[in-house]
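Below, all heavy atoms of this structure are taken into account, side chains as well, without hydrogens, waters or symmetry copies.
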Amino acid sequence: METVIITGGTGLVGRALTALLLERGYRVIVLTRKPEAGRNKAVTYAHWDLRTQAIDESAVQQADYIVHLAGANVGEKRWTEARKREIVESRTQSSELIYTALKTIPNKVKKVISASATGYYGEYTDHAFTEKDPPATDYLGNTTVLWEQHISKVASLDKKLVILRTGIVLGTEGGALKEFYKPLRFGFATILGSGEQFVPWIHIHDLVRIYFSAIVDDKMEGTFNAVSPNPVTNKELILTMAKVAKGRSFMTTHVPAFVLKTALGEMSVEVLKSVKASPNKLMQSGFQFSYPTIEAAIQQLFSR
């Protein structure tokens with residue numbers, strides 16, 4: 001039985017990945033500031049603390065793989081200067097702690113698989129970004145560059161590294177889908193800005209399978225765009241969700257860009273930015289999507 005450490009294991013992706021790993025016979029250790037609060041009896045909870053750069057040495061010694069998902073939610077709170085620092089530091093400090101632990105603690109870790117984000121890329125409507133494209137120079141671009149730079153240091157320790165640049169994750173247990181659905185409870189399909197901005201998205205089931213593939217496939221190494229092969233506009237996403245959930249019983253409304261900028265401040269860029277990202281490199285590695293289209297993804301999620 002091989003052992004996988006997961007950071008950020010209590011989040012949407014972490015919970016789903018934990019369930020898959022346990023189903024496949026892996027032992028899972030979730031790193032958390034409060035191990036005593038862990039609720040899943042099938043999981044081992046071990047302590048780490050970014051502020052003190054402390055980590056449970058025995059957990060590191062037992063691990064065969066590390067999946068690094070930890071990082072403050074980009075869309076959860078308004079981007080004050082303090083919040084922006086927290087978003088960056090939660091990623092860089094956690095990555096630094098993993099590197100230091102692997103450097104100083106005797107271990108058998110074969111590979112580190114780290115989350116990243118399509119926020120790495122700039123804004124285009126007619127270009128599908130590949131992993132070779134340069135990063136954006138805005139806040140999200142700079143944040144993602146720092147995130148990847150810090151975790152990439154583990155490669156110098158003779159560890160394989162996979163970085164997954166992920167778009168919006170669609171799942172019923174949290175994340176963006178619940179936020180998009182809130183107005184639909186009252187019959188409103190709410191399109192953000194022009195609605196023409198492209199949304200890089202992925203079904204939670206497919207994303208978790210990509211992480212699992214990175215664990216079991218020794219040849220999988222490097223940076224990959226973990227997004228659906230069929231990007232959609234915000235308008236297409238919202239209307240597909242509305243039709244599946246409400247049939248014809250909804251009214252289309254728009255929230256203008258200036259209203260979003262007033263309400264959200266700088267964070268409005270998160271919902272107004274238009275990004276296409278190509279998963280061709282991932283598919284060339286052999287991965288096949290279970291839910292490649294937004295229609296298939298929404299139908300499955302809303303049928304649960």
Side-chain angles (χ1 to χ4, degrees), residues 2-15 17-18 21 26-40 43-74 76-77 79-117 119-120 135 139-166 211 214-215 223:
E2 291 188 307
T3 298
V4 181
I5 281 179
I6 302 180
T7 75
T10 58
L12 173 66
V13 178
R15 295 193 306 271
L17 179 58
T18 294
L21 289 171
Y26 286 79
R27 179 169 174 249
V28 175
I29 300 176
V30 171
L31 294 183
T32 173
R33 284 180 58 200
K34 298 180 179 180
E36 67 280 0
R39 296 180 178 180
N40 189 337
V43 171
T44 299
Y45 295 91
H47 179 260
W48 80 332
D49 191 320
L50 304 189
R51 291 174 300 177
T52 61
Q53 289 287 287
I55 193 168
D56 187 318
E57 292 192 9
S58 65
V60 176
Q61 291 170 340
Q62 294 172 60
D64 297 285
Y65 303 92
I66 296 177
V67 175
H68 180 33
L69 305 173
N73 189 322
V74 171
E76 190 174 71
K77 300 177 182 178
W79 285 0
T80 63
E81 289 305 312
R83 180 60 176 176
K84 287 166 71 174
R85 284 195 301 274
E86 182 182 3
I87 289 170
V88 174
E89 291 174 358
S90 65
R91 288 159 171 76
T92 57
Q93 290 178 1
S94 58
S95 299
E96 195 67 27
L97 180 50
I98 290 171
Y99 166 72
T100 302
L102 292 175
K103 183 178 181 181
T104 59
I105 300 169
N107 67 84
K108 55 176 180 171
V109 172
K110 305 170 189 176
K111 184 184 284 188
V112 176
I113 303 107
S114 178
S116 184
Y120 179 94
Y139 170 70
L140 288 177
N142 292 334
T143 296
T144 313
V145 167
L146 289 170
W147 190 4
E148 293 187 6
Q149 285 177 343
H150 279 261
I151 197 61
S152 291
K153 291 166 66 176
V154 303
S156 68
L157 305 176
D158 200 27
K159 309 292 185 187
K160 290 184 177 180
L161 175 67
V162 174
I163 292 175
L164 300 177
R165 291 179 184 154
T166 308
Y211 275 97
I215 290 171
T223 302

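- Between Lys111 and Ile215 the shortest side-chain heavy-atom distance does not fall below 4.5 Å.
- A donor-acceptor contact under 3.5 angstrom links the side chains of Glu148 and Ser116, judged on distance only.
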Begin from the C-alpha positions of Val88 and Trp147 and carry the test side-chain contact (heavy atoms from CB on, under 4.5 Å) through to its verdict.
CA-CA 7 Å; Val88 174; Trp147 190 4; over 6 Å; no
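- Side-chain contact between Asn40 and Tyr45 is present, with heavy atoms from C-beta onward closer than 4.5 Å.
- What you find for Glu96 and His150 is that their closest heavy atoms are OE1-ND1, 3.0 Å.
- For Ala117 against Thr144, the heavy-atom pair with the smallest separation is O-CG2, 3.7 Å.
- Between the CG atom of Leu161 and the OG1 atom of Thr223 there is a distance of 7.0 Å, given to the nearest 0.5 Å.
- Checked by atom type and distance alone, the side chain of Tyr139 never pairs as donor or acceptor with a backbone atom of Trp79 at under 3.5 Å.
- If you take CD1 on Ile98 and CD on Gln93, they are separated by 12.5 Å, rounding to the nearest 0.5 Å.
- Taking each heavy atom of Ala63 and Lys108 in turn, the nearest pair found is O-CG, 3.3 Å.
- If you take CG on Leu97 and CD1 on Ile151, they are separated by 10.0 Å, rounding to the nearest 0.5 Å.
- For the atom pair Ile6 CD1 and Thr18 OG1, the distance stands at 3.5 Å (nearest 0.5 Å).
- By the side-chain hydrogen bond (donor to acceptor under 3.5 Å, both in side chains) test, Ser58 pairs with Asp56, sequence neighbours left out.
- For the atom pair CG (Asp49) and CZ (Arg33), the distance works out to 5.5 Å, reported to the nearest 0.5 Å.
- The residue from Val154, Val67, Ile5 that alone fulfils the side-chain contact (heavy atoms from CB on, under 4.5 Å) condition with Val112 is Val154.
- In this structure, Lys160 and Lys110 have side chains that are not in contact, with every pair of non-hydrogen atoms separated by 4.5 Å or more.
- Contact record, Asn107 with Val109: OD1-N, 3.1 Å, taken as the closest heavy-atom pair.
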What verdict does the side-chain contact (heavy atoms from CB on, under 4.5 Å) test give for Leu102 and Ile66, after you've listed the backbone C-alpha separation in whole Å, the side-chain angles of each residue and the deciding distance to 0.1 Å?
CA-CA 10 Å; Leu102 292 175; Ile66 296 177; 4.0 Å; yes
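- No donor-acceptor distance shorter than 3.5 angstrom exists from the side chain of Arg27 to the backbone of Glu2, with no hydrogens or angles considered.
- Checked against side-chain hydrogen bond (donor to acceptor under 3.5 Å, both in side chains), Arg91 has no partners two or more places apart in sequence or in another chain.
- In this structure the side chain of Leu146 never reaches within 4.5 angstrom of the side chain of Ser95, judged on heavy atoms.
- Here the shortest heavy-atom pairing between Ala115 and Leu69 reads CB-CD2, 4.1 Å.
- When all heavy atoms are compared, the tightest approach of Ala46 to Pro35 is C-CG, 3.7 Å.
- From Tyr99, atom OH reaches atom OG1 of Thr92 across 15.0 Å, with rounding to the nearest 0.5 Å.
- Environment of NZ in Lys103: sparse, with no more than 12 heavy atoms of neighbouring residues, nucleotides or ligands closer than 6.0 Å.
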